[in-house]
Protein chains: 2
Amino acid sequence: MGLSVSTVSKALNDSHEISHGTKVKVLALSKKLKYRPNTLAKNLKQNRTNTIGVIIPDLLNYYFVKALNGIQESAEKQGYSIITCITNESLENEVRYSEMLTNGSVDGLIVALSIETQKNKHFNHFKQLIKNEFPLVLFDRVSDEINCSQIISNDENGGAQAAEHLYQAGCRCPLVVVVNSDLEVIKRREEGFTSAWHQLSGGHVVMRLEVGDLDESEDEIDNFLKNHAQIDGAFAVDERLGIKTLKCAIDVGRTVPSNFKIIATSDGELSKEYSPSLSVIDLRENKIGSSAAEEVVRQIKSKFLKPKTTIIAPKLLVRSSS
Amino acid sequence: MGLSVSTVSKALNDSHEISHGTKVKVLALSKKLKYRPNTLAKNLKQNRTNTIGVIIPDLLNYYFVKALNGIQESAEKQGYSIITCITNESLENEVRYSEMLTNGSVDGLIVALSIETQKNKHFNHFKQLIKNEFPLVLFDRVSDEINCSQIISNDENGGAQAAEHLYQAGCRCPLVVVVNSDLEVIKRREEGFTSAWHQLSGGHVVMRLEVGDLDESEDEIDNFLKNHAQIDGAFAVDERLGIKTLKCAIDVGRTVPSNFKIIATSDGELSKEYSPSLSVIDLRENKIGSSAAEEVVRQIKSKFLKPKTTIIAPKLLVRSSS
DNA sequence: CTGTTAGCGCATTCAC
DNA sequence: GTGAATGCGCTAACAG
C-alpha cells in the first residue's frame, strides 16, 4: 500500500505522529496478513525484554512452587513474563543459568540459592551482577554477603510463634525435629523456637532430633519418641517432616492432640488434608513470591535503588494436631 | 589487540578457519574482559533460541508441576531452556501466551489445554501454528481436533487397572467419585473404570457421585456413603478427591482396607504420606513431560515430521488403602 | 504527518 | 587465516 516501514512501525505502536486514517489502514492490513512483530528484534532494539528470570532449586518442593506462583501472578500483573530455571540444588547449574539469563534474555533476576551455594558460600556470580547494576532479588534462601534486595520470612518469629502456641496449649517437653540444618532458614526456625521456649519455660532446654534423609526418617523418629516418654509435643522445621512426626507419634501410642501436640513450618496440601490435620506456621510463600516480583520490577524501572530487605510475617494456623 | 570483529566472532565459536594461536589469545582476552555474548542478538541472527515455551493451566496442581519438572529435565539435557506461562485455566490467557511465545521467543511449544479451551473447543490459535509448521506438542489436556503430536496417559487403562485391582481385592460394590467431568481425561478414567467393571462383574452397574467443588466435597461424600451402606470400595478420579473419600470412609465407620477398598488416580505426596497410605494409579507425569520435551525437540530439529500420539502406560501402585 | 537512515550485537558470506 | 561488509527485524532520531 506504499507506506514506509517506519510509518507502519509507528502506526502499529499507535504513535501520536501518525494520522488516524493511516493507523486504521495499517492495522486492518496487518490483521489480514496476520503480521506478528518479532519479539526478539524488538527486545534487541529496545534493550529490554519484559521478562523476569527465576532461578529456584527444586520444582517438586511445594514451597518454591507456591512462591513461583506468586512471582508469576505478580509479574503478569505488571506486564512481565517469567522464564524459569531449576538448579536441582547445584551451584554449577545456578552459575550457568544466571549467566545465561543475564546475557540479554531477562530484565531482572529472582533467585532462591541452592543448598550447595549456601554451603560453599560461593556468590561471585551474583556479586558480579550487582557490580553491573543488574536487577537482582533473592528470596527465602538468601545471604547477607550478597548486597541486594531480599525477601524473607521471619523464620525466627515463626519458630517463636510455634513455641508460644505449644506452650500455651500445655506442652512442657517439646522435641524439635530438624532436617537440612545447613540451610539458614532452618537454623533460624530452630533458633526462634528454642530461644522462645527457653524464655517461656524459664530456662528449659528443648530436646532435638536431626534426621538425615527425610524419606528414611520414620524409624529414627519412632525410636526417639519411644525412648523419651517425657516428650509431649513437637516442632518440625518442615511440613513433610511434621507429617512424619505426627504419623510416628500416633504409631508409638501418643494421643494427638491431647497428650502430644505438634506443629510444623510451612503450609501445604499435606497439612490440610491429613487426618488429624496438622497445625502449621504458614510462611505465606505466595506473598513472598509476589513481593519479590514487585521488588525486581521496581529495580528494573528505576536503577540505583538501594537494596532493601522485606520480611514477611508468618502466620500461625491452628488445626487439629495441637 | 587489533583483530576484526569477525575474526573474534569466529574464534569465540571455535571456527576451523581460525589459527590455534589466535583462538587462544581471543579466548584469554574475552575471559579477562568478561565478555558476554548477547543472547538476543545471537538468537535473532540465527533464527533460533534454544528455548521451549511451556503453557500449563495451573502451577498449584501437582500433576502439572510433575510434568513441568519432566519437561525441564529433558529440555535441559537436550540443551534447551524453558519459559513457562500459566493460563489459570483461561482461554484468553492461553491465546495471548501462545501468540507471545511464538513471535520469536521460543523454538517450540508444549501445551496442556485450559479447561475453558476444552469446553469451548476454541483451537484456532493452535491450528494457525500448525499451518505455519511451528513445532507444537500437546500433553494430557489434548484434543483430537488439533493435528499435532500429543502425549497422553492411557487413562482408560488406568481406570481399568483400578477396577481390576478393586475387584481382585474383593470389592463388589464400588463407587466412582468424580470431579471436573468436563475434562476429557476425567471422562476417560471414569469410562475405563466402569466398562472394565461391567465386564469383570458380569454386568454390574457402578454407582457414581460427582462433586462440585473439591474443597467442599466432604459432606457430600459423607452423606452418600452413609446412605449407601452396600458400597465397599471407591475409585476417585483425582488424588485429592481420593484422600477426601478415604477420610470420609473412615469417618463414617468403614474399615479400610478390610471392608472398604479405595484407589485414586495420580500419585503424589498426599497418597504416600497419608495414613493409611492411598493406593493409586501412577500416571507417570514426569515421563509424560520428558516425552513431550523430546518430541518437541525432534520437531524443531527436523521439520515436516508427521504428528504422532504417544501413550504413556499408567502404573498401579498398591498401598494400604486397598 | 510521512519517509530515510542508522544501529541494536551478532554470525556469516565473500574477498583478500 | 583474516577482515570488510551485509543483514536478522525492529525502533527512533532526524529530515522532509
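Chain letters run A, B, ... following the sequence lines, proteins first, then strands; residues in each count from 1.
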Run the salt-bridge test on [X] and [Y] with the 4.0 Å N-O cut-off and return the result as yes or no.
{"X": "B/Lys10", "Y": "B/Glu17", "result": "yes"}
{"X": "B/Glu116", "Y": "B/Lys119", "result": "no"}
{"X": "B/Glu76", "Y": "A/Arg96", "result": "yes"}

Under 6.0 Å from the CD atom of A/Gln46, do we count more than 12 heavy atoms belonging to anything else shown?
yes
Looking at B/Leu59 and B/Val65, what are the two nearest heavy atoms and their distance?
O-CG2, 2.9 Å
Closest contact, heavy atoms only, B/Tyr80 versus B/Asp107:
CE2-OD2, 3.8 Å
Are side-chain N/O atoms of A/Ser114 and A/Gln118 paired as donor and acceptor at under 3.5 Å?
no
How long is the line joining [atom1] of [X] and [atom2] of [N], in whole Å?
{"X": "A/Asp107", "N": "C/dC8", "atom1": "CG", "atom2": "P", "answer": "19 Å"}
{"X": "A/Leu40", "N": "D/dG9", "atom1": "CG", "atom2": "C1'", "answer": "9 Å"}
{"X": "B/His16", "N": "D/dG1", "atom1": "NE2", "atom2": "C1'", "answer": "11 Å"}
{"X": "A/Asn103", "N": "C/dG9", "atom1": "CG", "atom2": "P", "answer": "13 Å"}
{"X": "B/Asn43", "N": "C/dC8", "atom1": "CG", "atom2": "P", "answer": "18 Å"}
{"X": "A/Asn47", "N": "D/dC10", "atom1": "CG", "atom2": "C1'", "answer": "13 Å"}

Sugar-phosphate or base contact per nucleotide [nucleotides 10-16 of chain C; S, B, -; heavy atom under 4.0 Å]
BBBBB--
For the pair A/Glu184 and A/Arg141, evaluate side chain to side chain contact (heavy atoms under 4.5 Å, CB included) and give the outcome as yes or no after the intermediate values.
CA-CA 7 Å; A/Glu184 292 299 329; A/Arg141 303 264 201 88; over 6 Å; no
Give me the bend of the helix from C/dC1-D/dG16 to C/dC16-D/dG1, using the axes of the five pairs at each end, rounded to 10°.
50°
Within the pair B/Thr22 and D/dT2, is there a side-chain N or O less than 4.0 Å away from OP1 or OP2?
yes
Assign each of B/Leu44 and B/Ser19 to its nearest nucleotide of DNA chain D by heavy atoms, then name whichever residue's nucleotide is nearer the 5' end.
B/Ser19
From CA spacing to verdict: side chain to side chain contact (heavy atoms under 4.5 Å, CB included), B/Phe304, B/Glu133
CA-CA 8 Å; B/Phe304 309 114; B/Glu133 277 150 0; 3.2 Å; yes
